[in-house]
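Heads up, the thing below is written out as structure tokens.
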Amino acid sequence: MTRHPFPASFKFGAATSSYQIEGGWDLDGKGESIWDRFCHTPGKIEDAATGDVACDHIHRWQEDVNLMADLGLDAYRFSVSWPRILPAGRGAINEAGIAFYDRLVDGLLEKGIKPFVTLYHWDLPQQLQDEGGWTARSTVDAFCEYADVVSRRLGDRVKDWITLNEPFVSAFIGHWEGRHAPGAHSEQAALATTHHLLLAHGRSVPILRFNVQEASIGITHVLHPSHAASASEQDQLAAQQFDGLLNRTFLDPIAGRGYPKIVPYDRAILESLVQPGDLEAIAAPIDFMGVNYYTRRVSRSAAVPEVENDAQTVHVRDEQTDMGWEVYPEGLFELFERLHRDYDFTSYFITENGAAYPDELDSGGRVKDIKRVSYFRRHLEQVALIIENGIPLHGYFAWSLMDNFEWGYGLSKRFGLIYIDFETQERTPKLSYWWYRDVIRGRSII
Ligand code: IFM
């Protein structure tokens with residue numbers, strides 16, 4: 001059955017991030033980032049890949065914008081590389097870096113594609129890391145300086161701004177689990193990072209508003225419905241704690257409620273970092289909440305609050321993506337119903353949704369990623385339901401426009417609508433690209 005629930009104003013988009021696609025890691029004055037350092041450290045990345053070249057988007061952006069235009073995108077979400085703009089994290093501006101994003105933004109606008117800029121998608125300048133990184137409160141000031149520079153230079157053309165991508169991942173995977181840069185293993189560091197990231201978000205909102213006329217400003221969180229594996233009190237508590245960790249630690253302070261109480265970490269550490277005025281700053285009014293949705297979490301009780309497909313996660317269904325994440329489309333509606341019921345955010349965008357599968361070119365040079373089409377179709381059905389239920393969801397960004405560097409997994413996980421041959425850099429639109437093009441054209445799910 002064809003459904004036509006998408007209003008003309010609804011934005012169909014695709015998303016990427018700087019370190020995952022750009023390459024040019026030390027090109028034209030760019031400074032080193034924590035991800036450059038992490039990937040250049042042996043043993044950190046599963047297949048020993050780096051983002052040194054990635055999709056070479058820094059040189060091939062025009063071809064990529066043409067592919068976006070052929071796809072019919074209304075909007076494109078990308079991130080700016082902080083060390084490409086401020087190589088030392090603060091101070092001297094790298095004009096060559098600004099010029100790259102100037103060209104990209106102009107190229108997008110020429111094609112009628114609305115740029116959504118994420119300021120921070122995990123590539124902190126290494127020099128700031130050497131001064132303590134996000135565990136140091138001074139990094140908040142550096143972020144505000146960076147937000148000021150970028151919004152002054154691009155704000156005449158870019159109206160849609162996302163301060164941070166998934167602060168949960170930066171804080172907990174980067175600083176407690178250590179699977180992401182900077183690779184720390186400390187609860188204290190994870191909680192300091194959490195608070196300083198949220199403070200950086202809140203403090204930068206008025207700066208963006210001052211610099212950008214008619215700005216629309218948000219933050220992006222990765223959110224999962226949190227279910228218990230059984231009705232036992234312990235499992236119920238584990239599910240509540242996971243909800244506290246992943247969802248509420250990052251939603252509640254933005255909504256002006258401070259940090260949640262039922263969490264699996266030492267809450268006293270987090271509270272001790274809060275200075276007068278911080279919670280008010282974090283709760284600066286925003287224009288939209290960005291939601292990245294991939295899967296749900298089903299918890300059974302255990303002592304250690306690990307966060308992914310570990311012993312605590314129960315897989316209820318067999319269908320999983322190449323990341324080992326359960327495919328659970330109805331969780332998207334469940335999540336938005338809850339957000340709409342429990343919070344007062346006035347507008348939402350799904351800023352990422354997608355799936356990794358082990359795609360290959362067939363003998364005819366095509367990629368028939370049928371599973372990804374099915375994943376997108378079933379999630380877009382939920383998007384339709386969300387809109388039909390009057391929840392103010394205004395856009396959907398597929399993750400990702402193209403195969404790219406998937407962090408600790410290197411180049412081994414493919415999320416793209418476009419297949420990348422990382423040897424030749426040849427781009428091949430997959431079946432899902434053509435399917436999504438038809439969805440966008442018809443503004444309906446087919
Ligand atoms: O590739 C990442 C992206 O950088 C942030 N959200 C999840 C994606 C898939 O893991």
Side-chain angles (χ1 to χ4, degrees), residues 13-23 33-36 38-39 44-47 49-51 54-55 57 76-82 116-124 162-174 177 179-181 197 218-224 246-247 250 289-297 307-309 313 320-328 331-332 335 349-359 369 371-372 375-376 379 396-420 422 432:
T16 63
S17 86
S18 48
Y19 188 74
Q20 292 180 274
I21 66 163
E22 284 178 358
S33 79
I34 57 172
W35 272 95
D36 295 317
F38 195 68
C39 293
K44 297 292 185 194
I45 307 300
E46 207 173 272
D47 60 359
T50 71
C55 307
H57 174 74
Y76 172 53
R77 172 179 176 236
F78 63 96
S79 76
V80 170
S81 159
W82 185 345
F116 275 60
V117 165
T118 305
L119 282 169
Y120 186 68
H121 198 126
W122 311 347
D123 41 0
L124 184 74
I162 295 165
T163 53
L164 307 177
N165 181 71
E166 299 180 359
F168 163 78
V169 174
S170 307
F172 286 86
I173 313 290
E177 283 201 9
R179 286 190 290 114
H180 278 197
L197 277 166
I219 181 170
T220 279
H221 293 315
V222 57
L223 303 174
H224 296 359
L246 181 83
N247 301 325
F250 296 90
M289 177 54 70
V291 176
N292 290 356
Y293 178 74
Y294 288 93
T295 188
R296 68 166 160 178
R297 161 77 175 228
V307 278
E308 237 188 30
N309 294 302
T313 303
Q320 293 172 20
T321 68
D322 201 26
M323 299 293 281
W325 297 343
E326 182 189 342
V327 177
Y328 187 63
L332 193 52
L335 184 62
F349 285 86
I350 294 172
T351 40
E352 287 180 25
N353 174 238
Y357 290 109
D359 304 313
D369 56 338
K371 285 188 180 167
R372 184 172 292 101
Y375 181 100
F376 278 134
H379 285 78
Y396 172 91
F397 291 81
W399 183 270
S400 176
L401 177 70
M402 53 190 149
D403 295 338
N404 56 47
F405 179 84
E406 178 55 27
W407 308 113
Y409 297 95
L411 299 172
S412 68
K413 305 290 180 202
R414 295 182 175 272
F415 274 92
L417 294 162
I418 298 168
Y419 181 89
I420 303 283
F422 290 105
S432 56

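Just so you know, ligand 1 is whichever comes first in the structure, and atom 1 is the first atom listed for that ligand. Predicted model only: the values in this text are computed from it and were never measured.
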Exercise: do Thr16 and Tyr76 side chains pair donor with acceptor under 3.5 Å: yes

Exercise: do Thr220 and Asn292 side chains pair donor with acceptor under 3.5 Å: no

Sub-4.0 Å heavy-atom approach of Trp325 to ligand 1: yes

Test log, rule side chain to side chain contact (heavy atoms under 4.5 Å, CB included), inputs Met323 and Phe415: CA-CA 10 Å; Met323 299 293 281; Phe415 274 92; 3.7 Å; yes

Donor on one side chain, acceptor on other, Ser412 and Asp47, under 3.5 Å: no

Closest protein heavy atom (residue, atom, distance) for atom 7 (C) of ligand 1: Glu352 OE1, 3.2 Å

Distance filter under 4.0 Å to His121 heavy atoms, resulting ligand 1 atoms: 3 (C), 4 (O), 5 (C)

Ring geometry between Phe376 and Tyr396 (parallel below 30°, tilted from 30 to 60°, perpendicular above 60°): perpendicular

Atom 1 (O) of ligand 1: the protein heavy-atom neighbour that sits closest, reported with distance to 0.1 Å: Glu406 OE1, 2.6 Å

Quiz item: cation-pi between Arg77 and Phe397, 6.0 Å / 45°: no

Atoms in ligand 1 with a heavy atom of Asn165 nearer than 4.0 Å: 5 (C)

Check: Gln20 N/O within less than 3.5 Å of ligand 1 N/O: yes

Any Lys413 heavy atom less than 4.0 Å from ligand 1: no

Atoms of ligand 1 close to Glu166 [distance to a heavy atom under 4.0 angstrom, numbered from 1]: 5 (C), 6 (N), 7 (C)

